[in-house]
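Have a look at the structure below, then the notes.
Hydrogens, waters and symmetry mates play no part in the numbers below; they use all other heavy atoms, side chains included.
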Amino acid sequence: MTELLLKIFIKNSNDTDNPVVRQKYGMLSGIVGITCNIILFLLKFLAGIITGAVSVAADAFNNLSDAGSSIVTFIGFKVSGKPADTEHPFGHGRIEYISGLIVAAAIIVMGVELFRSSVARIFNPDEMYFSILSVIILVGSILMKTWMFLFNRSLGKRLDSAAMLATSTDSLSDCVATAVVLLSLLLWKITGINIDGIAGTIVICICCGSTGGKRYFAAASWAAGR
């Protein structure tokens, strides 16, 4: 699938030293991320409504934040591809890393509110409703995020792009987060034990820790020229 997308959208895809080609790689990564994450957000949001699980809602909004991340990545690569000018004699390349700061800040701010909701559910658990459709959505999400991990890792290695490699790592952590949500639903169905609040808290910690923290420090280091 990755090779097919490259053939369709990027001419001379092997010429990764070409700024124009690099820009197209980034834009393709952004478009794929925006499309996939919005689809996952809508499906998980539906699953959250059906089950009434805060952990599913947290996982859904994590995908929404990933869509925002992909938008920033898309814009970042588009701007970074501009040639050098009087105000930017060395080009606009660092916008790719500065965009990571914006993503990290947005994720952490949203994560705080979802963390509070999840902790509240630990002490005051609400009734949940099991749904086969929700299970199918979560399993499908894990499979899609696994592909996105492989896709962005492949592009990141081709371009030696810290932003794309960070995105691939984020997709892998999303697989773990969704797996935790899925297990919590199955545990509730099988045993009647409600760990929805705990699962939601774990999801937020995984998402904010791996995505927000890693991108923040990586982007900060590059932006500072370290």
| field | same_hphob_cluster(Leu4, Phe149) at 4.5 Å side-chain heavy-atom cutoff | value | no

| task | Start with the C-alpha distance between Asn37 and Ser70, add both sets of side-chain angles, then the distance that settles side chain to side chain contact (heavy atoms under 4.5 Å, CB included), and finish with yes or no. | result | CA-CA 9 Å; Asn37 282 305; Ser70 296; 3.9 Å; yes

| request: Using side chain to side chain contact (heavy atoms under 4.5 Å, CB included) as the criterion, point out the one residue from Val180, Val181, Ile195 that pairs with Ile202. | output: Val180

| Taking NZ, NE, NH1 and NH2 as the nitrogens, is one of them in Asp66 or Lys145 under 4.0 Å from a carboxylate oxygen of the other? | yes

| field | Side-chain heavy atoms of Lys44 within contact of Ser141, under 4.5 Å | value | yes

| task | Examine Leu182 and Ile136 and state if one hydrophobic cluster contains both, with Ile, Leu, Val, Met, Phe, Trp and Tyr joined whenever side-chain heavy atoms are less than 4.5 Å apart. | result | yes

| said: Ignoring hydrogens, what is the shortest heavy-atom contact between Ser29 and Met164? Give both atom names and the distance. | reply: CB-CE, 3.9 Å

| said: Could you measure the distance from the CD1 atom of Ile122 to the CG atom of Asn194? Nearest 0.5 Å is fine. | reply: 10.5 Å

| field | Verdict with supporting geometry, Ile38 and Leu42, side chain to side chain contact (heavy atoms under 4.5 Å, CB included) | value | CA-CA 6 Å; Ile38 287 179; Leu42 292 174; 4.2 Å; yes

| task | Decide yes or no for Asp170 and Met148: does some side-chain heavy atom of the first lie under 4.5 Å from some side-chain heavy atom of the second? | result | no

| Arg158 side chain to Asn14 main-chain N or O, any donor-acceptor pair under 3.5 Å? | no

| Test item: Thr2 and Leu150 side chains (from C-beta on) under 4.5 Å apart, heavy atoms | no

| request: Indicate the atoms forming the closest heavy-atom contact of Met128 with Gly52, along with that distance. | output: CG-O, 4.4 Å

| query | After noting the C-alpha distance and the side-chain angles of Phe130 and Val135, does the key distance pass the side chain to side chain contact (heavy atoms under 4.5 Å, CB included) rule? | reply | CA-CA 9 Å; Phe130 184 82; Val135 172; 3.6 Å; yes

| field | Thr51 side, atom OG1; Trp188 side, atom CH2 - distance, nearest 0.5 Å | value | 9.0 Å

| field | With Val203, the side chain to side chain contact (heavy atoms under 4.5 Å, CB included) member among Asp59, Thr178, Asp174, Val56 | value | Asp59

| Is Ser168 reaching over with its side chain to a backbone N or O of Leu165, donor-acceptor style, under 3.5 angstrom? | yes

| request: Flag yes if Ile71 and Phe61 sit in one hydrophobic cluster, no otherwise; membership is Ile, Leu, Val, Met, Phe, Trp, Tyr, and two members link when side-chain heavy atoms are under 4.5 Å apart. | output: yes

| said: According to a hydrophobic-cluster definition based on side-chain heavy atoms being under 4.5 Å apart (Ile, Leu, Val, Met, Phe, Trp, Tyr only), do Ile50 and Leu43 belong together? | reply: yes

| task | Drop me the distance from Phe41's CZ to Asn63's CG, to the nearest 0.5 angstrom. | result | 9.0 Å

| message | Using the rule side chain to side chain contact (heavy atoms under 4.5 Å, CB included), only one of Phe151, Phe74, Phe9 pairs with Val32; which is it? | response | Phe151

| request: Indicate, with yes or no, if Leu172 and Met1 share a hydrophobic cluster defined by side-chain heavy-atom contacts under 4.5 Å among Ile, Leu, Val, Met, Phe, Trp and Tyr. | output: no

| query | Taking side chain as C-beta onward, heavy atoms only, is Val21 less than 4.5 Å from Ile10? | reply | yes

| query | Between the side chains of Ser184 and Asp196, is a donor N or O closer than 3.5 angstrom to an acceptor N or O? | reply | no

| task | Supply the atom-to-atom distance Leu46 CG to Ser134 OG, rounded to the nearest 0.5 angstrom. | result | 7.0 Å

| Is there side-chain contact between Tyr25 and Leu6, with heavy atoms separated by less than 4.5 Å? | yes

| said: If I take atom CG from residue Leu155 and atom OG1 from residue Thr16, how far apart are they, to the nearest 0.5 angstrom? | reply: 10.5 Å

| message | If only side-chain N and O atoms count, and only distance matters, is there a donor-acceptor pair under 3.5 Å linking Asn152 with Ser171? | response | no

| From CG (Asp15) to CG (Asn12), nearest 0.5 Å | 6.0 Å

| field | Test item: Thr146 side-chain N/O and Ile142 main-chain N/O as donor-acceptor pair under 3.5 Å | value | yes

